[in-house]
Every structure is written in C-alpha cells, then in structure tokens.
Amino acid sequence: MNTYTTVPTPGHGAPESFLSRFGQKITGVLSGFDRLLFRGSLRLLFQPNSMESYLATCGILIKDFGVFSEKITKRVKALAYAAAEQQGRPVQYLNRADVSKEEMARQIAARDGIKSGRIALFTAVEPCWSYAVRSDRQTKEIHLALEMRKCTHLYHYYLHPQFGLMHVRVQSWFPFSVTVCLNGREWLARQMDQAGLSYQQQDNCFLSVSDPARAQELLDQQLHTDWNATLRGLLVQAHRLHAELERPFHQEYYWSAAQTEYATDLMFADAASLAGLYPQFWHHAIRSFGSQSVLRFLGKAQPPRFQGEVTSTLQRRSEGVCLRHTVNGNSIKVYDKPGSVLRVETTVVHPEQFKVYRPAEGDPEEKLKWRKGPSRDRRLVEKRGSEPRGQRTVSERSGQRQREHPPQSRSVRGLSKSEGGGPALSGAQSLAGGRRRAFGSDQPGGIYDQRLSQPRLAKLAPHGQSHRGAGPETVRSSVPQTRAAQSAWTHQKVNGTHRWMLTEKGRRIVTALLAARQADVDRLTQLAA
C-alpha cells in the first residue's frame, strides 16, 4: 500500500505541515461525517397556544386532550407493531437505560442473517418534551403546558441499503417528535462496496483503504445529499401516521441537525508507527493550546466577553488516550482508535450556539447575514421558510377579497394579519361560538379590535345596522368590527343564543393566523432544533 511521499493536494483534511513531516508513516486520510442525528418536528406544536389552536382545528376541547392523545398514541404504536409483525421482526421492550440498542440490533441482525431491511423494533420509556393539561387557579381555566415528561418511544432499527445500520426514533405522544440517527462511516462502507474499493473496517473507522483519494471523494458526495427528501422517506417508512398529524395545520415535519460529529482519520501504516508518535502529539496539544485557541476554533468570542465554560481533559482508557477540549458542551477531541488510526473529531451537541450565514426567517429578500441557529443551514437542511407551506397559502388567501357564502353574493375584504392576531380561541369557543367580548373585543390588535366600544355592546350587528341603545361612536366603531366578522364568521347566530359561529374556512384562516403570530421563533428553534 502506498504512503504519502509528497504533500497531498488541498482538501485532504490534515495540515500540510503535519503531512510533510509525518506523511511517510501515513497511508491515507479520510475526513467526513461520523455520527449524525436529525430531529424532525411539527414546529408550531411546540408552542402551547398553537397546540390549543391545533386542537380547536381538530374539534377537540382542551379538557379532552388526554383522551384525544391516547387514541392517537395507540394508533401510532399499533401501526409500528403491525409493520414489524408483517415482516417477521421482533418487538422488544427495554426497561434499562444502560442497554446498548445498537449492539442489540447488530446481534439480532447477525443471528437472523439480515442483509437489508428492518432488524427490530425496540420500545422504551424515556424523557421528552410533551404536553399535559394544567389548571390556573387565578383564571380558573385549564390550558396545555409543554414540560419535560416521560412517554414511550419507538426505535425502528434498519440495515439500510444506503446508510447501513441506522434507526428512526418516534415519540408516541404529542408533539410526536422524530429523530433519525445514522453514521457517515457506515454509509461510506456501502459507497465503497458499490465502487469496488477494498478496505479493512473496525467499529466505525477504517484501518486501511485501497484508494484513499477515491474514498474521500465518496465522503464528499455525502455533503450534497438532499436531506429533506431523504429524511422524509425514512419518516414515511417508520411513522405511518405522520400525514394525519400534519394535516390540520398543513405543515410537514421540519428537519434540523440536532447533533453532528465530523471526524478526520489518519491511517498509519501500523500500530507501532502511531504508538511511537502519539505521546508527543497530545503532549504538544496540552502545552500549546489554551482556552483562547479552543474558543477561536469553536466559533466563540474571546475573553472577557465569553461567559461560558471551557474545559480540557486528558483521559487514559483501555483502548487509548483521549484529549478533549470542550466549550459549553461542544467539543473537539483527538484519540487513537484501536489499531493504527489517529482520529480528530468535532462533536456538536448544541448547534444553536453557532451562527449560520443565512437569511432571516420570513425575509422575502433573503439577505444573507451571520445569524444564530441552524434552521436554514444549506449544507444540512433544504432551503425553506419558517412558515409551513399550507399556512402561508392560507395567510395569503385570507388577505384577498372573498365571496360571501350563498345566498349572499357580495364580496368582502380580506382578513388582515392584525385582525387575525388576537387571542387564541379555546376549543370550547371554537365549537360553541361566542359573544364578541369573549374573543378579545377590548384588546388592541384582536379580531374585534374596538377602541371606542362600550362594554354593554354584547353582540355583532349585521353590516350597516346599529345596536339598540348604542351611541353614534359605538355605531361607527362597530363597522370595521362587522367587516372583520364578514371575513371570517357566518352571519347566522346559533339558535336561541347570542353566539356567532366560525365557518370551517374561517376557522382554518383564524387558526393559522393566530398560530403564526403567537409562535415564538426563538422558543421554537430552542425546542425543535
């Protein structure tokens, strides 16, 4: 096998000065993805107010959330169990957190001779962000609270023809988050098999490769993956109820890179060559690199502006020595893998700490700027806006003039976003209707914003008619209010009451606008990223 006799061309993943000095003992360099964990989420459902609007769209009262969720949870589990049973694969409940699911999957695959497809379905009760119904003593109302709870998670393990051993984890309770975990080195092994390259693999690294340059080209191809389409395909396979959960808000699962590992492997000719050099490598790293160097590499401000924590540790393990520099949980480390591989690995478990050169959320001009959050990293996520496709369509349509329902034939003006930005309707109000004051008539920016209204004006009047006993100021102020009602509400009162009902179309419009205005982008990014 050839060794480096000259300095490799740029893009090899190792410093030229390093290879010019030690390249005679190195047979190849591979730089690319190691472990990747993507999270799929229905982002609007990470906001309690939006979640309540979601229930209203489904015709569910808040008090019935538990029953409603339990029914969906049973269906999610039943579909997963049925898929495993149809393929003759085992379903196993794990009651211990220290059990390696990946190792169990490998053993089952070897035992049953699985070459491709589903290996097993594991279930486990684990912590997660989820919803519960809580009461407010002051307002004497119930509401949904997003909090850390525990629920059953479904681990679908596959021997994927492209990615190798991987799994899809499905949360079985609202907001039904999904995670996809795969390994770039397992992926590379399949690529090299198709390209006809020979290699020697141990765990998730390669001790030797017949053509390192060609192998690096295959690793570089991984960077151009259409992640949105790829992850969508895995979602369809493992989470068969996804379309029904997406339908009420017309939103698809949004994907972000929750955790990433990028590794550079230097393959030495033999273990003795690495063993003779490695001690001076980590001695040099301890003596030469301080906190400022670590901060600069991991993209953080220099002291005294930096307010986080920087640590450096050196650990001797049975398999080797590991030197790790950590900044607020994200780290870069170097260690000797079993045999003759020196690995330098950057691990990101808090991607929200990095800035990305991207447009602002919802910016029509898409001006590029360094911004916080990984939500639109073009290297990992398909370029898309923060507002789901269906919701954007509803928002645009609601701003246009609409034709009234038969038998009326007049057209009325559209519903502006400010009119759709009032307080969220509860499930009871959405189903049973309500008086004007029940929907925030005295609150600026509400659907029935009336700064001149009188408390005793209790119901909507048809356009052009005044209320008995109302003064001229009140009559004038009711005109824009009634126009808003014509845009989103029917003109028919509930029989025997003073209540007015939303049409099906109006309920979709108001729900979408309320959810869009109430959503806290920073909070959504923090929870769903």
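Hydrogens, waters and symmetry mates are skipped; everything else that's a heavy atom, side chains included, is used. If you're wondering where the values come from, they're calculated on a predicted model, not measured in any experiment.
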Asks: Which heavy-atom pair separates Ile108 from Arg89 by the least distance, and what is that distance?
Replies: CG2-NH2, 3.6 Å
Asks: Main chain of Arg190, side chain of Gln162: is a donor-acceptor contact present, judged purely on distance under 3.5 Å?
Replies: no
Asks: Tell me whether the rings of Phe174 and Phe65 are parallel (<30°), tilted (30 to 60°) or perpendicular (>60°).
Replies: tilted
Asks: Flag the pair Glu352 and Arg39 as a salt bridge only when some basic side-chain nitrogen lies within less than 4.0 angstrom of an acidic carboxylate oxygen.
Replies: no
Asks: Output yes when a side-chain donor or acceptor of Asn330 lies under 3.5 Å from a complementary backbone atom of Val349, and no otherwise.
Replies: yes
Asks: State, without any angle test, whether Gln251 and Arg43 hold a side-chain donor-acceptor pair at a distance under 3.5 Å.
Replies: no
Asks: Do the rings of Tyr158 and His156 sit parallel, tilted or perpendicular, given the 30° and 60° boundaries?
Replies: parallel
Asks: Answer yes if the ring centres of Trp227 and Phe38 are under 6.0 angstrom apart, and no otherwise.
Replies: yes
Asks: If the plane angle is over 60° it's perpendicular, under 30° parallel, otherwise tilted; pick one for Trp282 and Tyr278.
Replies: perpendicular
Asks: Could you go step by step and tell me if Gln259 and Arg35 meet the side chain to side chain contact (heavy atoms under 4.5 Å, CB included) rule?
Replies: CA-CA 8 Å; Gln259 296 181 19; Arg35 180 175 177 270; 2.8 Å; yes
Asks: Any side-chain heavy atom of Asp34 within less than 4.5 Å of one from Arg343?
Replies: yes
Asks: In plain terms, say whether Glu217 and Arg214 are close enough for a salt bridge, that is, a side-chain N and a carboxylate O under 4.0 Å apart.
Replies: yes
Asks: Closer than 4.0 angstrom, basic N to acidic O: yes or no for Glu345 and Arg185?
Replies: no
Asks: For the pair Leu245 and Leu45, evaluate side chain to side chain contact (heavy atoms under 4.5 Å, CB included) and give the outcome as yes or no after the intermediate values.
Replies: CA-CA 10 Å; Leu245 295 171; Leu45 300 192; over 6 Å; no
Asks: Begin with the C-alpha distance, continue with both residues' side-chain angles, and end with the deciding distance and a verdict on side chain to side chain contact (heavy atoms under 4.5 Å, CB included) for Tyr155 and Met104.
Replies: CA-CA 12 Å; Tyr155 284 81; Met104 290 183 59; over 6 Å; no
Asks: Parallel, tilted or perpendicular, judged at 30° and 60°: which one describes the rings of Phe22 and Phe281?
Replies: perpendicular
Asks: For the residue pair Cys181 and Met166, what are the closest heavy atoms and their distance?
Replies: O-CB, 3.3 Å
Asks: Quick one, Tyr93 with Val125, criterion side chain to side chain contact (heavy atoms under 4.5 Å, CB included). Give me CA distance, side-chain angles, the key distance, then yes/no.
Replies: CA-CA 9 Å; Tyr93 172 72; Val125 177; 3.9 Å; yes
Asks: Just wondering, do Thr230 and Phe163 contact through their side chains at under 4.5 Å, heavy atoms?
Replies: yes
Asks: Return yes when atom CD of Glu85 has more than 12 non-hydrogen atoms of other residues, nucleotides or ligands closer than 6.0 Å, and no otherwise.
Replies: no
Asks: State whether the number of non-hydrogen atoms from other residues, nucleotides or ligands found under 6.0 Å of Arg149 atom CZ is greater than 12.
Replies: yes
Asks: Knowing that exactly one of Phe249, Tyr131, Phe46 qualifies, which makes a ring-ring contact (aromatic ring centres under 6.0 Å, His included) with Tyr54?
Replies: Phe249
Asks: Think Lys101 forms a cation-pi with Phe122, using NZ or CZ under 6.0 Å from the six-ring centre and within 45 degrees of its axis?
Replies: no
